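Everything below concerns the one structure shown next.
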Amino acid sequence: MANMMIPVEERHLTPEQVDQIDRRRRRGQLLLVVGFQALIIATIITIWSGQDFTYSPGWIHPLGYWDALLFLASLICIGVGIQLRRGLNEFFSY
C-alpha cells in the first residue's frame, strides 16, 4: 500500500530525484534558521540603532542602515526558506 503521507506528485520519484528534494528542503531549513537568528540579532541591535538615530547628526546613521539591511536580509532568508521547504509534511526536519 502506498504511503498516503507523501504528496501525490512525489510518490513515483527516482532515488536521485528524492535526494534532490531532500537537499532542497535541508537548504530551506538552513535558511529558516539563519533568517530567524538574524531577526533576533536585528531586534537586539535596534536598541543601539535607535540611539544612533537620536544622537548622530544629519544623514549619518550607519548603525541604523546596517540594522535595516539586517532586517531585510532576515526577511528574505525566511521567505526563501519557507519556499524551499514547501511540501514537507513534518514540523521538524530532523
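Everything quoted here is computed from the prediction, not taken from an experiment.
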Determine, stepwise, if the pair I82 / I78 fulfils side chain to side chain contact (heavy atoms under 4.5 Å, CB included).
-> CA-CA 6 Å; I82 289 172; I78 290 171; 3.9 Å; yes
Intermediate values then yes/no, side chain to side chain contact (heavy atoms under 4.5 Å, CB included), R86 and R24 | CA-CA 9 Å; R86 72 184 182 279; R24 174 180 57 91; 3.5 Å; yes
Please step through side chain to side chain contact (heavy atoms under 4.5 Å, CB included) for the pair F71 and T46, ending with a clear verdict.
-> CA-CA 10 Å; F71 269 115; T46 301; 3.4 Å; yes
Could you go step by step and tell me if D19 and E16 meet the side chain to side chain contact (heavy atoms under 4.5 Å, CB included) rule?
-> CA-CA 5 Å; D19 286 340; E16 292 82 19; 5.6 Å; no
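Both L39 and L32 are members of a single hydrophobic cluster when ILVMFWY side chains are connected at heavy-atom separations under 4.5 Å.
Rounded to the nearest 0.5 Å, atoms CG (L72) and SG (C77) are 9.5 Å apart. Distance check, rounded to the nearest 0.5 Å: CG of L84 to CD of Q29 gives 11.0 Å. Note that CZ of R27 and CG of D22 are 11.5 Å apart. Values are rounded to the nearest 0.5 Å. One finds the CD1 atom of I40 at 11.0 Å from the CG atom of L70 (value rounded to the nearest 0.5 Å). The line from CD1 of I41 to CG of D67 is 11.0 Å long, rounded to the nearest 0.5 Å.
For CD of Q83, the number of neighbouring non-hydrogen atoms (other residues, nucleotides, ligands) closer than 6.0 Å is 12 at most. Under a cut-off of 6.0 angstrom, the local environment of CZ in F36 is sparse, with at most 12 non-hydrogen atoms contributed by other residues, nucleotides or ligands.
The backbone N or O of V34 lies less than 3.5 Å from no partner atom in the side chain of Q37, so there is not a single donor-acceptor pair. In this structure, the side chain of S49 does not engage the main chain of L63 through any donor-acceptor pair within 3.5 Å.
The minimum heavy-atom distance linking L31 with G81 is given by the pair CB-CA, 3.9 Å.
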